[in-house]
Structure formats: structure tokens, C-alpha cells
Asks: 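Have a look at the structure that comes next, please.
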Amino acid sequence: MTTIAIVYHSGYGHTAVVAEAVAEGVTRAGATPKLLKIENAGQDFAAFIEEVTKADAVIFGAPTYMGDISAPLKAFFEASAGTWMKQGWKDKIAAGFTNGLTFAGDKNHALTSIFILAMQHGMIWVGSGQALGNVNGNTSAAPEAVNRMGYSIGVVTQSDNAGPDVTPPSGDRESARQLGERVAKVAAKFAA
Ligand SMILES: Cc1cc2nc3c(=O)[nH]c(=O)nc-3n(C[C@H](O)[C@H](O)[C@H](O)COP(=O)(O)O)c2cc1C
């Protein structure tokens, strides 16, 4: 069985919703998601690092805070330096997502931070694989459009200043599901 680790932080629950949608996509592809929620930057990451090492692929996610990934995911990345020394995650499939309040919000920088971590580890990056937002054949940034913000290196979602029960919208959640599904399918092919 293909296992996909989803390592994420969420301060206020919005990125958690996105992570859960990614997990649904993994399940949709017939693989097993392993949701690993980082609570704070000071926690012991040994068990999470072990889970990532065992998984066929890993998807990292964090909210964009001050134009970059939130500090708890960064702390996890720094804790992975020992694994980097051993090249323990080399050739593992990796992907990423971030969520922010604004449409731009320097979220590209947060996603790039995740990408660089994956490249440092010698991992194999899987992008969103999603065309521009589209509703009924027309390019669209409507809330129901998948990839309404037009990102390719990963999935970027946007949540309003409201509860995670209502935001991010349906298109963003489906975008996240499709990322999980894609990574799971690539990981299964790679394992074969
Ligand atoms: C300290 C802090 C910094 C933030 N910086 C940004 C930012 O640079 N760009 C952005 O689009 N949103 C920014 N936001 C908004 C969050 O990304 C947004 O509220 C997101 O939904 C939070 O996700 P979470 O509920 O998973 O913590 C920031 C929020 C906080 C608390």
C-alpha cells in the first residue's frame, strides 16, 4: 500500500482544512494518507521525521505568515538536517501547499521555501499539474474554480477572514484533493 505523509502546520484551522482535503485526494487514489500536524516550533519532531522516512511520498503544507511558511514548519525543516546529512529522504516524492488571506500575499515565496527544502534533500518534486482556474470552459478565478490563482509548483489556497468551516472555498479544496491524488498516483508508479 502506498503511504503519503502530509506534514503541516495550521495556526487557526484553515490550512488544516486544506491538509484534510489533500488527504481525501490521497484516499481517492487508493493510497493511505498519514496526517502529521505540527503543533508548535518547539516540539520533538523525531516521530514525524521517522514517518516521513517510511512514507512513499510527502506533502508539506503551511499557512503563509509574513510572506513565508509559518515558523513551526520551518522548525520541522531545520530538524530534518540530520536526515539530510544521511541523505535519508533522497529520491522521495515531494509536493507542497500553502494558504493565505490575500490573493497574492507573497504566497509564492512560501511555496518556494518548501520546494527548496525538497531540493536540498534530493527529493523528486511534483507540481500541481493543474491548468488555470476554469469554470465551464472559461478561465476563471471564481471560488469554485480549481487552481483559481493559477499556481503550478504546488497548490495555493486563499481563505477569507472567516471560520475554516466556510473558507477556503470549494475550488481550493478540490485543488488540494487533486494534489493529493496526483502525488499518490506518481508515488505508486514510482514504487512499481
Ligand atoms: C502572523 C501572520 C502573518 C500573516 N502573513 C500573511 C502573508 O504574508 N500573506 C498572506 O496572504 N496572509 C498572511 N496571513 C494570513 C494567514 O495566512 C491566513 O489567515 C491563513 O488562513 C491562516 O492559516 P491558518 O488558519 O492555517 O493558520 C498572516 C497571518 C498571520 C497570523
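Indexing begins at 1, ligand by ligand and atom by atom, following the structure's order.
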Asks: I'd like the name of whichever of Gly67, Ala62, Gly11 reaches closest to atom 8 (O) of ligand 1 through any heavy atom.
Replies: Gly67
Asks: Return the closest protein heavy atom for atom 25 (O) of ligand 1 as residue, atom name and distance.
Replies: His14 ND1, 2.7 Å
Asks: Side-chain contact, heavy-atom cut-off 4.5 Å: Val52 with Val7?
Replies: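 Yes, at least one pair of side-chain atoms sits under 4.5 Å.
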Asks: In terms of residue, atom name and distance, what is the protein heavy atom nearest to atom 5 (N) of ligand 1?
Replies: Met66 N, 2.8 Å
Asks: In the protein, what heavy atom is nearest to atom 16 (C) of ligand 1, and what distance, to one decimal place, separates them?
Replies: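 Of every protein heavy atom, Thr64 O, 3.7 Å lies nearest to atom 16 (C) of ligand 1.
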Asks: If hydrogens are left out, which of Thr98, Val156, Leu101 has an atom nearest to atom 18 (C) of ligand 1, that is, the closest non-hydrogen atom?
Replies: Leu101
Asks: Touching ligand 1 at all, Asp106? Heavy atoms, strictly under 4.0 Å?
Replies: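 Asp106 does not count as a contact of ligand 1 under the 4.0 Å cut-off.
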Asks: Assess whether atom CE of Met119 is packed by more than 12 heavy atoms of other residues, nucleotides or ligands within 6.0 Å.
Replies: yes
Asks: In sequence, state the C-alpha distance, the side-chain angles, and the governing distance for Phe97 and Tyr8, and then conclude on ring-ring contact (aromatic ring centres under 6.0 Å, His included).
Replies: CA-CA 9 Å; Phe97 62 91; Tyr8 71 100; 7.2 Å; no
Asks: Are the side chains of Thr64 and Ile69 in touch, meaning some heavy atoms are under 4.5 Å apart?
Replies: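 When only atoms from C-beta onward are counted, Ile69 and Thr64 do not touch, as no gap falls below 4.5 Å.
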Asks: I want to know if ligand 1 touches Gly105 in the polar sense, i.e. an N/O pair below 3.5 angstrom.
Replies: yes
Asks: Under the criterion salt bridge (charged side-chain N to carboxylate O under 4.0 Å, His left out), I'd like the reasoning laid out for Glu174 against Arg28: C-alpha separation, chi angles, the key distance, then a yes or no.
Replies: CA-CA 12 Å; Glu174 178 55 21; Arg28 198 157 78 178; 2.9 Å; yes
Asks: Among Arg148, Lys107, Arg177, whose salt bridge (charged side-chain N to carboxylate O under 4.0 Å, His left out) with Asp172 holds?
Replies: Arg148
Asks: Looking only at protein heavy atoms, which one is nearest to atom 21 (O) of ligand 1, and how far off is it?
Replies: Ser159 OG, 2.7 Å
